[in-house]
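Quick caveat, the model's predicted, so the values are computed rather than measured. Chain identifiers are assigned alphabetically (A, B, ...) following the order of the sequence lines, protein sequences preceding nucleic acid strands; residue numbering begins at 1 within each chain.
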Amino acid sequence: MSVTESKPVPNFIRNIIQDDLKTNKNDGRVHTRFPPEPNGFLHIGHAKSICLNFGLAAEFGGTCNLRFDDTNPTKEEAAYVNSIKEDVRWLGFDWGEREFYASDYFEQLYEYAIQLIKAGKAYVDDLSAEEIRQYRGTLTEPGKESPHHNRSIEENLDLLDRMRTGEFSDGSKVLRAKIDMGSPNLNLRDPVIYRILHASHHRTGDKWCIYPMYDWAHGQSDSIEGITHSICTLEFEDHRPLYDWFLDQLGIFHPQQIEFARLNLSYTVMSKRIFNQLVKDGHVSGWDDPRMPTLAGLRRRGYTPKSIRNFCDLIGVAKRDSMVDVAMLEHSVREDLNKLAPRVMAVLRPLKLVIKNYPEGQVEKLVAINNPEDESAGTRTVPFSRVLYIEQDDFKEDPPKKFFRLAPGREVRLRYAYIIKCEEAVKDANGDVVELRCTYDPETKSGAVQSGRKVKGTIHWVSAAHAIDAEVRLYDRLFDKPKPAAEADFHECLNPNSLEQLTACKLEPSLADAQAGARYQFERLGYFCVDSKDSGQGKLVFNRTVPLRDAWAKIEKMQAQGK
RNA sequence: UGGGGCGUAGCCAAGCGGUAAGGCAUCGGGUUUUGAUCCCGUGAUCGCAGGUUCGAAUCCUGCCGCCCCAGCCA
């Protein structure tokens, strides 16, 4: 049984839900939500959360909301909500009619604040940001109460109303919860719940000039939506007592917050700050550069939604900080693409090869299998003629041990065609091999009686007269250190070879009308897709999604290291 | 030296007192007209030290290590 079909691996969140179901908590409802802030593009780390939230809901017959946590108008934009929706949809999830925004609840949240003030549990503070920081104390010393801590309920109500109507300037006042300045949990030292921000919001425009803080908005939004399990990342663990406190004070439906460890991937970075810098400094072409771990980047790189979902299943969910090997992600795409990508022949670094005894002008249409993993994919024909291109790597004048490809005097099979023998390597003035002169054995045509004759290697090729031109971009990891974020300066571990652009590639003619985004396996090389941005108008551009596993490369490396 | 978490093979990760799943990677071997795929095989006594128990990765105690928290960010 493949990983794809296997039962879900148990994890602590699923266990909690199963227990809740057993005790009929929430009347057996399971309702989750994915709550992105629309201030950037989604990345593979978000995918983990999306798959978790939508996956759990689906598994237990519940629903999952898409809720934008848009409480900070200075950082959020409508453009981001659109890209986020596109990405979630692309990943394969559907939130139906349940598209919500924290800003939908601004009025309700305000009413809740009034309720809190009336209960004597909140007050307006005039302290400056700097003063609040000083009053807060430190990790080891308790804070002290603000001089405005004991304002009357009436005064607080009046002040909050005037904050809302715009009477005060940014930063001049805040509304704070009245909890405990001596709490060892800093989140409970009278946290700010409203701040004044004369900024226009992408959805509410200029209706508001006070905006709720995350802690004030999140739990109440969960409650309003009837979320049963509010799943978030570990850094919010310290916020849970506050999450619970607000809900209890308000006496409203109380979802359960559960925290899990966010995804870390080796050789990659998951920080918006660094993404921004990479783009700004031109190290990548944009947020959707195929080297970026953003969903837009992975999509353009050729990753399938399914492969990302499988990856998220593969890595599991737990509370310990971990670093997932990027090889797992690569394995996930290969597994998926192996099943669905049509095979095709492409020569990336062409070397001319002439078959001396093949009739000039003759062309044969050879039958090739489109996908050995999928019989229904059928076959196609590929033209064969006297002059071909093969991969430069497939010839070595002085072949090392275990090199099963072409060399002077050696035989090799041309895939789907004949066995050929290298008779001569023609060199240019620099001594570089520029052409191979070979002979073929007409008795060895694929499928023919004697075609069973064994040779050690099979290589791919393309007929020179029929080949079409293309640009191929070979991508590698963006960073060459396993933990780029741990380096003092990530610039120093930028992989200088993360992109190699090959502009003289030769493809078999069937690729002439390859559509944007289409994925193929270039036999013996890897999986490639038609670039959705730069391809078109007579220009073909392919991105390498991931190379095939390469046993020869390993042998070569070993030989180079010391033999 | 406050609080909250976490420590099972190189990397993920099950396990919830009965004698260590699975995946990735690695290394062997088989099949193969992709050195691909596929198929076999290969490794841990569970951070350390004590204790409870017939029996502990699972319970208790004490250490050690790592992560998070002092935004009017989320």
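- Look at B/A25: it lacks any Watson-Crick or wobble partner with both distances under 3.5 angstrom.
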One pair to check against ring pair (Phe, Tyr, Trp, His ring centres under 6.0 Å): A/Tyr243 and A/Phe236. What are the steps and the verdict?
CA-CA 10 Å; A/Tyr243 182 101; A/Phe236 292 102; 10.0 Å; no

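- A/Tyr214 does not qualify as a stacking partner of the B/A74 base, lacking a centre-to-centre distance under 5.5 Å together with planes within 30°.
- Distance from the side chain of A/Val9 is smallest for B/A21 among the nucleotides B/C73, B/C69, B/A21.
- The nucleotide B/A56 finds no pairing partner, because no Watson-Crick or G-U wobble arrangement with both distances shorter than 3.5 Å includes it.
- For A/Arg203 and A/Tyr101, the positive end sits near the middle of the six-membered ring, less than 6.0 Å away and at most 45° from its axis.
- Contact annotation: A/Lys339 does not reach the phosphate of B/U37 (side-chain N/O to OP1 or OP2, under 4.0 Å).
- Residue A/Arg549 has a polar side-chain atom (N or O) positioned under 4.0 Å from OP1 or OP2 of B/U26.
- In terms of phosphate contacts, A/Ser266 brings no side-chain nitrogen or oxygen within less than 4.0 Å of OP1 or OP2 of B/C11.
- The partner of B/C73, taking Watson-Crick or G-U wobble pairs whose two distances both stay under 3.5 Å, does not exist in any strand shown.
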For A/Arg151 and A/Asp126, what are the C-alpha separation, side-chain angles and deciding distance, and is it a salt bridge (Lys or Arg N to Asp or Glu O under 4.0 Å)?
CA-CA 11 Å; A/Arg151 285 218 250 234; A/Asp126 301 349; 2.6 Å; yes

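- Candidate nucleotides B/U37, B/G35, B/A70 were compared by shortest atom distance to the side chain of A/Arg405, and B/G35 ranks first.
- You'll find the side chain of A/Leu314 stays beyond 4.5 Å of the side chain of A/Asn310, heavy atoms only.
- Phosphate contact (OP1/OP2 of B/C24, side-chain N/O of A/Arg334, threshold under 4.0 Å): absent.
- In this structure, A/Lys554 reaches the B/U26 phosphate: one of its side-chain N or O atoms is under 4.0 Å from OP1 or OP2.
- An OP1 or OP2 oxygen of B/C73 is reached within less than 4.0 angstrom by no side-chain nitrogen or oxygen of A/Arg273.
- For B/A74, the OP1/OP2 oxygens have a side-chain nitrogen or oxygen of A/Thr71 closer than 4.0 Å.
- Of the listed nucleotides (B/C67, B/C6, B/U34), B/C67 has the atom at the smallest distance from the side chain of A/Asp321.
- For B/G71, the base adopts the syn conformation, since its glycosidic angle falls within 90 degrees of zero.
- For A/Arg195, a side-chain nitrogen or oxygen approaches OP1 or OP2 of B/A74 to under 4.0 Å.
- In this structure, A/Arg415 fails the cation-pi test against A/Trp461, since its NZ or CZ atom is not both closer than 6.0 Å to the six-membered ring centre and inside 45 degrees of the ring normal.
- OP1 or OP2 of B/G15 has at least one side-chain nitrogen or oxygen of A/Asn15 nearer than 4.0 Å.
- Only the C1' atoms considered, B/G28 is 26 Å distant from B/U45, to the nearest whole Å.
- Nucleotide B/C48 forms a Watson-Crick or G-U wobble pair with B/G62, both donor-acceptor distances falling under 3.5 Å.
- Here, B/U58 and B/A21 have their C1' atoms 16 Å apart, quoted to the whole Å.
- Contact between the side-chain N/O atoms of A/Arg320 and the OP1/OP2 oxygens of B/U8 is found at a separation under 4.0 Å.
- Within the 4.0 angstrom heavy-atom criterion, only backbone atoms of the sugar-phosphate kind lie near A/Val317; the bases stay farther away.
- Contact annotation: A/His460 side-chain N/O to B/U34 OP1/OP2 distance is not under 4.0 Å.
- Nearest nucleotide to the A/Lys454 side chain, out of B/U34, B/U33, B/G71: B/U33.
- Between B/G22 and B/U31, the two C1' atoms lie 25 Å apart (nearest whole Å).
- Comparing B/G5, B/G35, B/C24 by their nearest atom to the side chain of A/Lys319 picks out B/G5.
- With B/A14, B/C24, B/C68 as the candidates, the nucleotide lying closest to the side chain of A/Asp238 is B/C68.
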